[in-house]
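Here is the naming used below: chain letters follow the sequence lines, and residue numbers restart at 1 for every chain. What you see is a predicted model, and the numbers here were worked out from it, not measured in a lab. As a basis for the values below, the full set of heavy atoms in this structure was taken, side chains included, without hydrogen atoms, waters or symmetry mates.
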2 protein chains.
Amino acid sequence: MKPRITIKEIAKQADVSIGTVDRVLHDRGRVSPETKERVLRIAKEGNYSSNVYARNLKLNKTYHLAVILPEKNSYWVKHRQGVEKAVAEYDFLQVDMHAYSLAVESQTEIEGIIQEVVAAKPDGIVLAPIFLNENSPAVERLKKSQIPVILVDSKIPLPNCLSYIGQDAFQSGRMSGGLLHEGYSENYDLYVITFQMADLYNKTIAARIEGLENYFEEVNNSPQVIKINMEQEAMGYSELIERMLTRKKPVRVFVPNSRSYFLATEMNEVKQELKLRMVGYDLIEENKMYLEDGTINYLIHQQPKQQGFKAIQALHQHLLLNMEVEQQQFLPLDIITKENLMYCEH
Amino acid sequence: MKPRITIKEIAKQADVSIGTVDRVLHDRGRVSPETKERVLRIAKEGNYSSNVYARNLKLNKTYHLAVILPEKNSYWVKHRQGVEKAVAEYDFLQVDMHAYSLAVESQTEIEGIIQEVVAAKPDGIVLAPIFLNENSPAVERLKKSQIPVILVDSKIPLPNCLSYIGQDAFQSGRMSGGLLHEGYSENYDLYVITFQMADLYNKTIAARIEGLENYFEEVNNSPQVIKINMEQEAMGYSELIERMLTRKKPVRVFVPNSRSYFLATEMNEVKQELKLRMVGYDLIEENKMYLEDGTINYLIHQQPKQQGFKAIQALHQHLLLNMEVEQQQFLPLDIITKENLMYCEH
DNA sequence: CAAAATAATGTTAACGTACACGCACTAACA
DNA sequence: TGTTAGTGCGTGTACGTTAACATTATTTTG
């Protein structure tokens with residue numbers, strides 16, 4: 001731990017007043033180039049960084065944070081819990097949170113909310129950028145606002161994004177490949193099932209599927225991969241199951257989002273017959289049920305609560321502590337099975 | 001976020017000086033009972049808590065932390081990494097860490113070190129209390145010192161323990177039961193293997209085994225549980241394997257500490273024959289190897305790096321931020337299999 | 001060349017807390 | 001009567017930073 005020089009000491013060494021030093025350090029101008037250089041040199045040599053305590057004491061500012069998340073369901077409610085836990089912990093540090101929630105899964109709504117949030121000029125934003133078109137005017141406004149944004153769950157390109165907090169979607173796909181292929185003994189069919197048309201354009205889903213495919217590129221007995229989008233192919237569940245059965249091979253299913261219970265509902269009766277193994281995402285109630293009854297074998301847990309907590313923590317570190325924040329904070333790929341389901345309260 | 005009253009404001013409302021308020025709040029005496037009561041009332045009503053920034057600015061203190069961990073091996077080195085990461089992150093907050101390491105697994109050494117540490121009067125201690133007798137004079141000294149201690153990995157009774165950070169050993173044993181019993185189809189033998197005599201008195205190991213047993217109390221087709229301590233029974237590995245084979249039942253093994261690789265080394269040749277399934281602890285290199293080759297099926301990851309990180313974080317919250325810290329911080333029970341081994345960098 | 005404009009720098013008062021110090025007063029005791 | 005100890009208070013200063021304000025030097029302009 002190197003000692004740190006103070007403004008006062010810099011001023012003394014540079015033979016100027018602390019006001020001048022302050023102007024240099026904050027780049028407020030009105031300083032001659034020579035003085036500026038001298039001050040900067042001494043600051044650097046002295047390992048200067050501003051004293052967090054003095055700074056915040058003086059500023060005595062309440063930080064306004066905006067949190068934009070989808071309407072509560074058992075996945076997103078966890079994000080909120082994490083956020084609230086963090087805010088409660090950092091309570092004494094004068095943060096003031098305003099939560100916005102997306103009731104409808106529509107692009108219009110999220111754009112409206114972003115506009116509102118930007119207008120309110122918070123000091124930081126936590127945003128789950130789902131249903132959000134990268135090139136929409138709202139995103140433009142976000143960029144222009146310069147407000148630091150923490151993206152959770154999904155990623156979009158954003159210059160003022162301070163940090164992305166979530167899983168590495170590609171790696172989670174690769175890992176799913178491993179889970180599905182494990183214990184290979186006979187040829188099987190691998191189904192990748194999506195439901196809505198929108199899923200086809202979702203980057204996170206795409207990355208998960210790419211990861212899966214990447215895994216099988218490196219594997220010897222690669223199975224046949226059958227991708228089906230239910231809406232696109234206008235296929236019913238009974239039809240799907242029929243099709244699976246006629247091929248007479250064990251069925252392994254990858255559902256790259258949280259809707260694996262859609263399938264599980266239909267398949268739990270015939271899972272023996274299908275020789276089913278299924279991997280899905282997220283510990284929502286419906287999925288948990290089918291994990292317990294064995295229709296779903298693995299769920300990949302995205303640790304939503306942790307995501308929410310870390311989002312606020314990142315803003316705290318950036319705004320209050322003036323710290324560098326890691327651009328990407330990948331959370332561990334957490335495999336949940338019937339066996340450890342009851343022990344994961346993270 | 002409730003607004004918080006300041007000392008100055010309390011002074012004004014109570015019609016006394018700041019100094020008096022200060023004496024009341026710090027219980028320095030020299031205040032009449034009536035004044036004291038009045039000040040306390042107003043402070044409480046005003047939701048007073050000291051301003052972290054002003055406090056630390058004024059105190060301008062370097063905090064000395066002592067970290068006592070066993071000598072580096074691939075498990076404990078992770079603790080150190082976590083500790084160092086946290087110290088680096090909180091660097092600007094003037095913490096100064098002194099690391100002590102236990103070269104030998106002896107009670108004498110750890111007691112000597114504790115004595116040394118207590119004499120140095122650090123502001124906080126991180127301690128892995130293994131090889132440490134609860135009633136030893138060193139522990140007494142620790143108690144008397146009143147220095148806040150963070151216990152990691154294992155727990156001992158200690159009044160000045162600020163927080164325990166580690167796994168819930170009992171629950172991890174229960175979960176192991178689930179992992180071993182999963183997919184029950186035929187009767188099997190369940191071996192609980194320990195190695196040294198010392199293991200018989202280790203509380204963490206005991207709790208894990210109790211958890212396992214607790215699981216099987218609730219299960220229908222409970223297997224025969226065979227507990228073996230290799231040192232106590234003076235048994236060789238070939239002898240053990242011989243014994244397992246003659247019983248002609250599938251073998252499932254629970255190793256309640258990180259030494260599962262001891263067994264794996266001997267058994268990886270005959271694992272088919274034994275119909276072996278094994279659950280162990282900790283991602284040390286030797287274990288990872290046998291996880292990959294299939295001799296060990298599951299490893300329970302204790303997230304040592306996270307433990308180290310959280311330990312420092314807890315001290316930071318207590319010492320610098322004046323926060324309440326949770327007495328027990330249980331880390332999630334993380335199951336590592338061949339499939340997700342490569343993705344767990346936590 | 002003086003006045004006005006601008007550039008460069010200095011001064012100072014907070015922010016909320018901790019703590020050393022000092023003042024006024026009382027009571028006890030020599 | 002003076003000395004001393006103790007009690008109940010108030011005052012002052014410092015911590016490092018920020019930013020408004022004041023002052024001085026330098027250049028520009030009519």
query = Under 3.5 Å, is there a donor-acceptor pair between the A:Asp123 and A:His64 side chains?
reply = no
Below 4.0 angstrom from OP1 or OP2 of [N], is there any side-chain N or O of [X]?
X       : N      : result
B:His26 : C:dA18 : yes
B:Thr35 : D:dC9  : yes
A:Arg23 : C:dT9  : no
A:Arg55 : D:dG16 : no

query = So which one's nearest nucleotide on DNA chain D is more toward 5', B:Val21 or A:Lys8?
reply = B:Val21
request  = Starting from C1' on D:dA19, measure out to CZ on A:Arg30 and report it in whole angstrom.
outcome  = 13 Å
query = What is the distance from CG of A:Asn322 to P of D:dT17, rounded to the nearest Å?
reply = 11 Å
key: Check: C:dA14 base within 3.5 Å donor-acceptor of A:Lys58 side chain   = yes
query = Contact class for A:Leu57 vs. all strands (heavy atom < 4.0 Å): base, sugar-phosphate, or nothing?
reply =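 Base contact.
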ask   = Checking all strands, does A:Asn60 fall into the base, sugar-phosphate, or nothing category for heavy-atom contacts under 4.0 angstrom?
value =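 Since only primed, P, OP1 and OP2 atoms lie under 4.0 Å of A:Asn60, the category is sugar-phosphate.
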query = Taking the side chain of A:Tyr48 as heavy atoms from C-beta outward, which of D:dT17, C:dA18, D:dC9 is closest to it?
reply =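 Nearest listed nucleotide: D:dT17.
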